[in-house]
Amino acid sequence: MIFLSHLISGISLGSIYAIIALGYTMVYGIAKMLNFAHGDVIMVGAYICFFATMSYGWHPIMGVLLSMVVCTLLGIVIDRLAYKPLRQAPALAVLITAIGMSYFLQNSAQLLWTSSPKVFPSVIGNGSVKLFDGALAIPHVTIVTIVVCLVIMSGLVFFVNKTRVGKSMRAVSEDKSAAQLMGINVNSTISMTFAIGSALAAIAGVLLCSAYPTLTPTTGAMPGIKAFTAAVFGGIGSIPGALVGGILLGIVEIFAKAYISTQLSDAIVFAVLIVVLIVKPTGLLGKKISEKV
Amino acid sequence: MSLKIMNKTTRSNMITYAMVIIAFVIVQVLIGNGSISSRLQGQLVPICAYIVMAISLNLTVGVLGELSLGHAGFMSAGAFSGIVVASCLSQNTDNEPLILVISMIVGGVVAAIVGFLVGVPVLRLSGDYLAIVTLAFGEIIKGIVNNLYVGLDGSGLHVSLIKNTVEMTDGTMLINGPMGLTTIPRVASFTAGFILILVCLFVIFNLVNSKSGRAIMALRDNRIAAQSVGINVTNYKLMAFVISAAMAGMAGVLFTANFSTVVASKFDFNTSILILVFVVLGGLGNMRGSIIAATVLTVLPEVLRSFSDYRMLVYAIVLIVMMLATNNPTLKQGISMIISKLKGKNSAKGGSANV
């Protein structure tokens, strides 16, 4: 029973990673850049929801919607100001700009909202569902997180595979210049990707703080790195890969915490990643790229 | 020997050496005058350590062409092993330079071994996958060192992991888990840092300018072509990686020996990124650029202290604007137009004096 309960909380944590990893993986698939500022967008989303629900007494759903809108705008603005001018620049230059953006968001948050931790009472409530005569208690947060993750994932798969915009996104990720020749507006497609990724980050931020209720300007950094790891784990650029990678990472982390050592759990997560990448260098669901000479 | 006889590379290397030496002399004179604030004086050894970190990372990123996000991991491995040795030595001798040299060598060797162990499986990955594995590796080192307990007493060293099971009658804890190194012999000095920079520069310049160095750069420029002319990919990649790791380990010892306590999380992902920023801003493969960038960007937050709360914000903006200015085609053109206009005025004024 304890095993089952660990497994469920692992899947729940993994679902949050998966939602964050989606933002990384979509941006990587289309713009071929590692958006290090993504973790900090999560933090901004969580703060917006925190102030909407706590200070202004909004309904949690309205709070989440507001933070999604704000993060979407933030994502588009970041892309416009910092990344769009560097579309043709070498990958490292874009990486450093993204890091600069990450510092910028963290420090702005620190100035605006101070670095003292805010306690974010769960927007979902503290109840739990009891199964097997109370032997297994699953918190509502966990269930909501998993359901939200599944809904987002299936929505996104539908969006990317069945809609016109999704088609243009796939085209841009396949071949940017050919897509442009076919009349696809590459820049607005990339902006669209940033918008979607950031909106998802807002949801992830709220879910993250519902599960781990302390909020500081650096809240997003470590989950950001782990979600990025999850994206690579599943094969970066692949949407189902983000789901698989995220959930596996979450399970590994919770099991490592429960059965091996709490302090070493991060090290174990990363060690598993290294082993997977050495055995399968493009991640679990990544495409094999054959080299052309 | 006149500068004109030397070829372009040698001349450029000489300029770099000269720059470092002159900077050292100037700083020494300024210290003598007392015109450097004590806060800035405290920054001198860290600056030296960061410079060594930057030029060693530049060997991996600029010369070998592989992105590494875990350079601080090597720094950490070197620092913690080196300082343990330094603590042991300091009970037997008072000769500070000797302690520093031996602990630096130990730190460098340990970091090199770690680099080798990481490099063998990892270097067959490339690009972003290699980057994420180096990141993961840096976090693993941090996790392990954060849970390491090392104590020293009359009967020798006691080591334990995760739980502090070190039992001693009257010894000292050298590494105390999350509290890190608590009793560091402060043996680092600015002169030692200066010498370390010169030694590392010497090694890197000679490596880059040798047969091995050309093989490494050939791998960076086109791996398949290099392979087809018989260059052993793994050997040369490992060579650059291990040398870079060893230097990072020595820099770690230097850095740590400047403080009385250092925690493992000092050498985390953010430190790796900080060093990478030095390398990219200074220019890939350009050692002089790395040195300048490391110095300026370490001093900058100190200078910006008058902005107090806003200084890291300003730092972030400076970073973004610099990257945009140097990489955006439109901005670049604009800047070069302004520069050429200024130059045009100068040459009009100066006439043929420069010719």
Side-chain angles (χ1 to χ4, degrees), chain A residues 28 32-34 36 81-82 84-108 110-111 218 221-222 225-226 228-229 231-233 236 260-275 277-278 281-283 286 291-293, chain B residues 61 67 69 118 121-122 124-144 146-147 161-163 177-178 223-225 228 269-270 273-274 276-277 279-281 284 309-324 326-331:
Chain A
Y28 185 87
K32 293 283 174 290
M33 66 164 285
L34 301 174
F36 265 109
L81 288 181
K84 195 175 166 223
L86 296 175
R87 289 270 195 267
Q88 315 296 331
L92 258 181
V94 190
L95 183 76
I96 301 290
T97 313
I99 290 163
M101 209 26 127
S102 160
Y103 285 165
F104 179 79
L105 290 178
Q106 276 181 23
N107 288 295
S108 314
Q110 197 160 349
L111 286 174
T218 51
M222 199 58 196
I225 293 176
K226 281 198 191 140
F228 171 41
T229 315
V232 179
F233 199 50
I236 197 158
I260 307 175
S261 152
T262 317
Q263 297 100 313
L264 279 182
S265 65
D266 285 354
I268 293 168
V269 168
F270 287 116
V272 171
L273 168 86
I274 292 182
V275 172
L277 281 187
I278 288 167
T282 49
E291 271 178 292
K292 282 182 207 154
V293 179
Chain B
V61 180
L67 179 57
L69 298 178
V118 176
V122 153
R124 47 178 241 145
L125 302 170
S126 59
D128 297 319
Y129 289 96
L130 180 72
I132 189 79
V133 169
T134 49
L135 188 167
F137 152 75
E139 291 296 315
I140 292 176
I141 290 262
K142 191 184 89 185
I144 292 176
N146 237 334
N147 292 291
L161 193 64
I162 300 177
K163 285 199 182 71
R223 188 175 59 80
I224 295 168
S228 68
F269 176 64
N270 289 328
I273 291 294
L274 186 74
L276 185 66
V277 168
V279 173
V280 175
L281 277 183
L284 291 181
D309 293 344
Y310 295 91
R311 69 193 179 111
M312 284 313 287
L313 200 65
V314 175
Y315 181 85
I317 294 171
V318 168
L319 205 60
I320 297 173
V321 170
M322 277 215 257
M323 287 330 282
L324 290 182
T326 46
N327 287 289
N328 183 268
T330 332
L331 277 175

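The minimum heavy-atom distance linking B:L319 with A:G100 is given by the pair CD2-CA, 3.7 Å. Among all heavy-atom pairs drawn from A:A267 and B:I140, the shortest one is O-CG1, 3.5 Å. Minimum heavy-atom separation, B:L324 to A:A82: CD2-O, 3.5 Å. Residues A:T97 and B:M323 share a closest heavy-atom pair of OG1-CB, 3.4 Å. Across all non-hydrogen atoms, the minimal contact from B:A316 to A:Y103 is CB-CB, 3.7 Å.
For A:L277, the parts lying near chain B are the backbone and the side chain together; criterion is any non-hydrogen pair under 4.5 Å. Within the 4.5 angstrom heavy-atom criterion, atoms from both the backbone and the side chain of A:I278 approach chain B. For B:L276, the parts lying near chain A are the backbone and the side chain together; criterion is any non-hydrogen pair under 4.5 Å. Of the two parts of B:V321, neither the backbone nor the side chain holds a non-hydrogen atom closer than 4.5 Å to a non-hydrogen atom of chain A. Looking at B:I141, there are no atoms closer than 4.5 Å to chain A (heavy atoms on both sides), in backbone or side chain. Heavy-atom distances place no part of A:I268 under 4.5 Å from chain B, backbone and side chain included. Residue contact with chain A, scored on non-hydrogen atoms closer than 4.5 Å, involves the backbone and the side chain of B:I132 alike. If you measure heavy-atom distances from B:V280 to chain A, the contacts under 4.5 Å come from the side chain alone.
One distance of note links CG of B:L69 with CG of A:L34; it measures 8.0 Å at 0.5 Å rounding. The CD1 atom of B:I144 lies 12.0 Å from the CG atom of A:D266; values are rounded to the nearest 0.5 Å. A:I96 contributes atom CD1, which lies 6.5 Å from atom CD1 of B:I273 (distance to the nearest 0.5 angstrom). Taken from CD1 in A:I225 to CG in B:N270, the straight-line distance is 7.0 Å, to the nearest 0.5 Å.
For B:F137, the ring pair (Phe, Tyr, Trp, His ring centres under 6.0 Å) partners are B:F74, not counting sequence neighbours. Contacts of A:N107 classified as side-chain hydrogen bond (donor to acceptor under 3.5 Å, both in side chains), with partners at least two apart in sequence or in another chain: none.
Note on B:A136, B:G143, B:A225, B:S228: by heavy-atom pairs under 4.5 Å with chain A, the leading option is B:A136. Between chain B and the options A:Q88, A:R87, A:M101, the largest number of non-hydrogen pairs under 4.5 Å is found for A:M101. The most heavy-atom pairs under 4.5 Å with chain B, out of A:I236, A:V94, A:L105, A:V269, come from A:I236.
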Derivation and outcome, side-chain contact (heavy atoms from CB on, under 4.5 Å), residues B:E139 and A:M222: CA-CA 11 Å; B:E139 291 296 315; A:M222 199 58 196; 3.7 Å; yes
